[in-house]
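Take a look at the structure below.
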Amino acid sequence: MVYSFEFFDSFIDSIAVINKKGEVIYTNIAWKSFSSENFGFLDKTDVGVNYLDICGRATGKDAESATEALVGIQAVINREQALFQMEYSCNSLNEQRWFILRCTPLVNNVDLSIVSHINISQRKISEEIVKKQNKQLKEINKRLDSTMFKITHDIVAPLNSVIGLIHLSRIDNESIDEYFSLIEKSASNLKSFVQETLELSKSTNKYTEVDFNRLLSDFYESVKYNPALEHVKIKTDVHQTVEFYTYKNEITSVISNLIDNSLKYYDNNKEESFVLVSIDSNGIEAKISIKDNGIGVSKEMLSKIFDLNFQVEKEVSEGFGIGLSIVKQSVDLMDGVVNVNSELGVGTEFNIIIPNLKQFRD
């Protein structure tokens with residue numbers, strides 16, 4: 001029997017008709033277009049393939065949802081249920097996407113069923129925006145409590161540069177005008193930082209575009225007169241090919257705190273001390289690694305490293321022990337994860353993953 005389903009071509013959702021065996025006997029234009037744009041091989045997704053076999057062959061992270069789809073579609077084919085649907089994610093290289101897979105019997109036909117994929121990405125993005133906004137509102141009270149700690153801690157690194165400049169001006173009178181100009185610039189930057197931090201503590205944070213190369217350049221400029229840099233070499237490797245959106249002040253605080261931490265706890269017994277900063281970002285996420293060969297932390301202490309007031313060596317530390325606590329708080333606010341590996345006498349590596357919030361921006 002010849003069936004005519006051309007009216008499905010007017011639908012924007014991807015639609016296929018399958019028989020009792022699960023074989024695809026028809027796909028609409030939207031289905032073909034999606035397959036061509038995302039997979040490139042119509043012969044693997046179009047008329048003639050067995051949709052149940054495709055679900056059954058799925059492996060890896062898609063295996064569980066594919067098995068759920070297989071069972072549900074088979075139940076509709078057998079007319080054991082009148083509707084099967086499930087939500088699933090299907091990300092492209094540069095964006096997160098969500099769909100509803102829906103299977104229903106074809107009306108007045110016991111042999112055929114309809115499979116459709118409905119793009120619900122905008123709805124999910126809207127839900128995520130609301131969820132994130134609610135989370136931000138809950139964070140305001142916490143941020144008010146920690147703002148003064150954050151300001152106190154985060155100005156230590158640039159203040160060290162100011163102190164370094166003052167020291168240089170005392171031993172090099174010929175360049176004193178240049179040094180005072182740099183001190184004035186550093187003081188102005190500190191004032192802006194304090195004002196921005198206070199403002200952010202009173203309102204919800206905004207997603208803004210982040211250029212990681214520029215971020216690192218600005219940070220290095222602010223600490224280039226830090227005396228520790230006479231002993232520690234910072235190496236940078238950044239791969240960023242697409243726009244990346246996140247909380248700029250938070251990611252700046254995270255990266256600057258971790259690099260400053262490495263500078264503070266370098267091992268002066270090593271012939272060469274270094275900090276390796278690696279950032280790899282794409283449309284989905286950014287992976288950040290900050291690794292050093294400093295004094296390290298014992299395995300027994302690692303579980304406490306993000307606790308407030310934790311310090312590696314209290315007798316040599318000039319800080320208040322809140323830097324890593326701030327890092328954890330900032331990463332949580334960005335919906336990211338942070339892990340740390342360290343070995344006493346060998347060094348420390350922090351690994352951070354944060355999502356690209358480009359699609360959620362206002």
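Numbering starts at 1 and runs along the sequence shown.
Exactly one of Val232, Ile234, Asp292 qualifies for a side chain to side chain contact (heavy atoms under 4.5 Å, CB included) with Ile259. That residue is Ile234.
In the hydrophobic cluster analysis, where Ile, Leu, Val, Met, Phe, Trp and Tyr join through side-chain heavy atoms closer than 4.5 angstrom, Met86 is grouped together with Val115. Connection of Phe274 to Val346 is not established within any shared hydrophobic cluster, with ILVMFWY side chains joined at heavy-atom distances below 4.5 Å, either directly or through further cluster members. Cluster membership for Ile353 and Val238, using ILVMFWY side-chain heavy atoms within less than 4.5 angstrom, is not shared. Residue Ile305 is not grouped with residue Val337 when hydrophobic side chains (ILVMFWY) are merged at heavy-atom distances under 4.5 angstrom, including chains of intermediate members. Hydrophobic clustering of Ile, Leu, Val, Met, Phe, Trp and Tyr side chains at less than 4.5 Å, counting indirect connections, keeps Val17 apart from Ile12.
Proximity of a side-chain donor or acceptor of Ser33 to a complementary backbone N or O of Ile29 within less than 3.5 Å is detected. Side-chain N or O atoms of Asn50 include one that pairs as donor or acceptor with a backbone N or O of Leu52 at under 3.5 Å. In this structure, Asp260 contributes its side chain and Ser256 its backbone to no donor-acceptor pair below 3.5 Å. Between the side chain of Asn91 and the backbone N or O of Trp98, no donor-acceptor pair lies under 3.5 Å. Here the side chain of Tyr88 pairs no donor or acceptor atom with the backbone of Ile100 at under 3.5 angstrom. Side chain of Asn28 to backbone of Phe8: a donor-acceptor contact under 3.5 angstrom is found. Side-chain atoms of Lys248 do not come within 3.5 Å of backbone N or O of Asp211 as any donor-acceptor pair. With hydrogens and angles disregarded, a donor-acceptor distance shorter than 3.5 Å links the side chain of Arg97 to the backbone of Cys90.
For the residue pair Thr236/Tyr220, the side-chain donor-acceptor check at 3.5 Å is satisfied. Inspection of the His117 and Asn119 side chains reveals no N or O donor paired with an N or O acceptor under 3.5 Å. Under 3.5 Å, the side chains of Asn257 and Ser253 contain a donor-acceptor pair of N or O atoms. Between the side chains of Asp46 and Thr27, a donor-acceptor pair is found at a separation under 3.5 Å.
Of all heavy-atom pairs spanning Arg79 and Leu112, the tightest one is NH2-O, 2.7 Å. Contact detail for Val338 and Val331: the closest heavy-atom pair is N-CG1, 4.0 Å. When all heavy atoms of Ser273 and Asn293 are compared, the pair lying nearest together is CA-OD1, 3.4 Å. Of all the heavy atoms in Ile114 and Ile15, the pair that sits closest is CG2-CG2, 3.7 Å. Taking both residues in full, the closest heavy atoms of Phe84 and Glu68 are given as CZ-O, 3.5 Å, listed atom of the first, atom of the second, then distance. Heavy-atom minimum distance, Asp267 versus Gly345: OD2-O, 4.4 Å.
The side-chain heavy atoms of Asn356 and Thr246, taken from C-beta on, include no pair separated by under 4.5 Å.
To the nearest 0.5 Å, the span separating CD on Glu300 from CG on Leu344 amounts to 9.0 Å. Taking CG of Leu357 as the reference point, atom CD of Gln96 lies at 9.0 Å (rounded to 0.5 Å). Atom-to-atom distance recorded for Ile73:CD1 and Tyr51:OH is 5.0 Å, nearest 0.5 angstrom. Between the CG atom in Asp13 and the CZ atom in Phe99 there is a gap of 10.0 Å [rounded to 0.5 Å]. Here the CD-CG distance, from Gln329 to Leu324, works out to 13.0 Å after rounding to the nearest 0.5 Å. Separation of atoms OH (Tyr265) and CD1 (Ile295) is listed at 7.0 Å; rounding is to 0.5 Å.
A salt bridge is absent between Glu209 and Lys358: the closest approach of a Lys/Arg side-chain nitrogen to an acidic carboxylate oxygen does not fall below 4.0 angstrom. Remark: Arg123 engages Glu127 in a salt bridge, criterion side-chain N to carboxylate O under 4.0 Å.
Around the CD atom of Gln81, the shell of radius 6.0 Å holds more than 12 heavy atoms that belong to other residues, nucleotides or ligands.
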Taking only distance into account, with no hydrogens and no angle test, what donor-acceptor pairs under 3.5 Å do side-chain atoms of residues 276-289 form with protein atoms, sequence neighbours excluded?
| residue | atom | partner | partner atom | Å |
| --- | --- | --- | --- | --- |
| Asn282 | OD1 | Ile284 | N | 2.7 |
| Asn282 | OD1 | Glu285 | N | 2.9 |
| Ser289 | OG | Glu349 | OE2 | 2.8 |

